[in-house]
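All remarks here apply to the structure that follows.
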2 protein chains.
Amino acid sequence: MSEKKSKFHCPVEATLSQIGGKYKMIILCHLIHDGTLRYNEIQKHIPQATAKMLVQQLKELESDGLINRKVYPVVPPKTEYSITERGKSLTEVIDSIRDWGRNYMSGTFE
Amino acid sequence: MSEKKSKFHCPVEATLSQIGGKYKMIILCHLIHDGTLRYNEIQKHIPQATAKMLVQQLKELESDGLINRKVYPVVPPKTEYSITERGKSLTEVIDSIRDWGRNYMSGTFE
DNA sequence: CGGGATCCAAAACGATACTG
DNA sequence: CAGTATCGTTTTGGATCCCG
């Protein structure tokens, strides 16, 4: 087989297909640097995201193997999210984006 | 004044506000590594983008100071795009994204 | 050749209400 | 607490035709 002619014209597209979602890089950034977080902790970090969006993005990240989701069978519910090894491989990407953003926000480029 | 309470909750968002558009990172990648390109050369590099989308993204990149647009007053028209110094500051970001994508495409993570 | 203008479809996103 | 379901809006993207 292997007639799969590669879905992507450019490697950049391949990366974006995994982390191009609106909140995905932000989620990864927090999970990489803060470690394991509960659902509502993530929500506090990203207050502009609605629950629907957050859950959706978390699910996609999980099914792409970038984050882990662990549900504790207790009441009230408790769910923890953490970065996977595969997710950690994005550390350089996320950090460079974060660093550029810091410079941008501090006015270095304006 | 300075009552601008910072539009971004996270530096990652700041970066995405500049290069988060669908084709922006791909455009920047080509302009960074290939140098100056004519409009139709960019289009050949990104065949899945329609003219409308491409022009839109190029305009936004230009008004954000990340790329230059030079129009030659000749017939037929000729327009060249190139990276600005500010745009070059994104080289690390773009390269890390491209590098991760290369690994992803070559199956390292699958 | 390098667009602009218009119209339209689809996807992304958000507000609200509800649930185990 | 950690979601799900539904609906409506907004944004994104594309097809087509037009222009200097």
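Throughout, protein chains are lettered first and strands after them, A, B, ... in sequence-line order, and every chain is numbered starting at 1.
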Residues that B:Lys44 engages under side-chain hydrogen bond (donor to acceptor under 3.5 Å, both in side chains), provided they are two or more places apart: none
Interface with DNA chain D, restricted to residues 26-34 of chain A and to heavy atoms under 4.0 Å: none
Gap between atoms CG and P, on A:Leu58 and D:dA2 respectively (whole Å): 11 Å
Candidates D:dG13, D:dG3, D:dC1 - which lies nearest the side chain of A:Arg69: D:dG3
Nearest-nucleotide 5' precedence on DNA chain D, B:Lys22 against A:Lys78: A:Lys78
Other ILVMFWY residues reachable from A:Val74 by side-chain steps of under 4.5 Å: A:Tyr72
Spacing of CD1 belonging to A:Ile32 relative to OG1 belonging to A:Thr91, to within rounding of 0.5 Å: 4.0 Å
Sugar-phosphate only, base, or nothing, as touched by B:Pro76 at under 4.0 Å among non-hydrogen atoms: sugar-phosphate
Using atom types as modelled, flag every donor-acceptor pair under 3.5 Å from a side chain in residues 12-19 of chain A to any protein atom, sequence neighbours excluded.
unit_1: A:Glu13; atom_1: OE1; unit_2: B:Gln48; atom_2: NE2; d: 3.2
unit_1: A:Glu13; atom_1: OE2; unit_2: A:His9; atom_2: N; d: 3.3
unit_1: A:Glu13; atom_1: OE2; unit_2: A:Cys10; atom_2: N; d: 3.3
unit_1: A:Glu13; atom_1: OE2; unit_2: B:Gln48; atom_2: NE2; d: 3.2
unit_1: A:Thr15; atom_1: OG1; unit_2: B:Ile97; atom_2: O; d: 2.6
unit_1: A:Thr15; atom_1: OG1; unit_2: B:Gly101; atom_2: N; d: 3.0
unit_1: A:Ser17; atom_1: OG; unit_2: A:Ala14; atom_2: O; d: 2.6
unit_1: A:Gln18; atom_1: OE1; unit_2: A:Arg86; atom_2: NH2; d: 3.1
unit_1: A:Gln18; atom_1: NE2; unit_2: B:Tyr104; atom_2: OH; d: 3.1

Spatial distance of atom CD (B:Glu85) from atom CG (B:Asn68) [nearest 0.5 Å]: 9.5 Å
Minimum-distance nucleotide to B:Met53 side chain [options: D:dG3, D:dA2, D:dG13]: D:dG13
Sorted by number, the residues of residues 37-48 of chain A with heavy-atom contact under 4.0 Å to DNA chain D: A:Arg38, A:Tyr39, A:Asn40
Euclidean distance, atom CD of residue A:Glu13 to atom P of D:dG13 [Å, nearest integer]: 12 Å
Length of the CD-C1' vector between A:Gln57 and D:dA2, whole Å: 17 Å
Close side-chain approach of A:Leu58 to A:Ile42, heavy-atom, < 4.5 Å: yes
Sugar-phosphate only, base, or nothing, as touched by A:Tyr72 at under 4.0 Å among non-hydrogen atoms: nothing
Value in whole Å for how far the C1' atom of D:dG13 lies from OH of B:Tyr23: 7 Å
Short side-chain N/O contact to D:dG3 OP1/OP2 from A:Thr79, under 4.0 Å: yes
All side-chain hydrogen bond (donor to acceptor under 3.5 Å, both in side chains) counterparts of B:Ser96, not counting sequence neighbours: A:Ser96
Separation of D:dG3 P from A:Lys70 NZ (nearest whole Å): 15 Å
Validation row: A:His45, A:Leu37 side chains within 4.5 angstrom (heavy atoms): yes
Residue pairs involving residues 60-80 of chain B (criterion salt bridge (Lys or Arg N to Asp or Glu O under 4.0 Å); sequence neighbours excluded): B:Lys24-B:Glu60, B:Lys78-B:Glu80
Salt bridge (Lys or Arg N to Asp or Glu O under 4.0 Å) contacts in which one or both residues fall within residues 92-101 of chain A, not counting sequence neighbours: A:Asp95-A:Arg98, A:Asp99-A:Arg102
Terminal contacting nucleotides, 5' and 3', DNA chain C versus chain A (heavy atom, 4.0 Å): C:dC13 to C:dG20
Value in whole Å for how far the C1' atom of D:dA2 lies from OH of A:Tyr81: 8 Å
For atom CG of A:Leu16 and atom P of D:dT12, their distance in whole Å: 15 Å
Spacing of CD1 belonging to A:Ile83 relative to NE2 belonging to A:His30, to within rounding of 0.5 Å: 12.0 Å
side-chain hydrogen bond (donor to acceptor under 3.5 Å, both in side chains) partners of A:Lys22, counting only residues at least two apart: none
Side-chain donor/acceptor of B:Thr79 to backbone N/O of B:Tyr39, under 3.5 Å: no
Co-members of the apolar cluster containing A:Val71 [side chain, <4.5 Å]: none
Close residues, residues 59-66 of chain A, relative to DNA chain D [heavy-atom separation under 4.0 Å]: A:Lys59
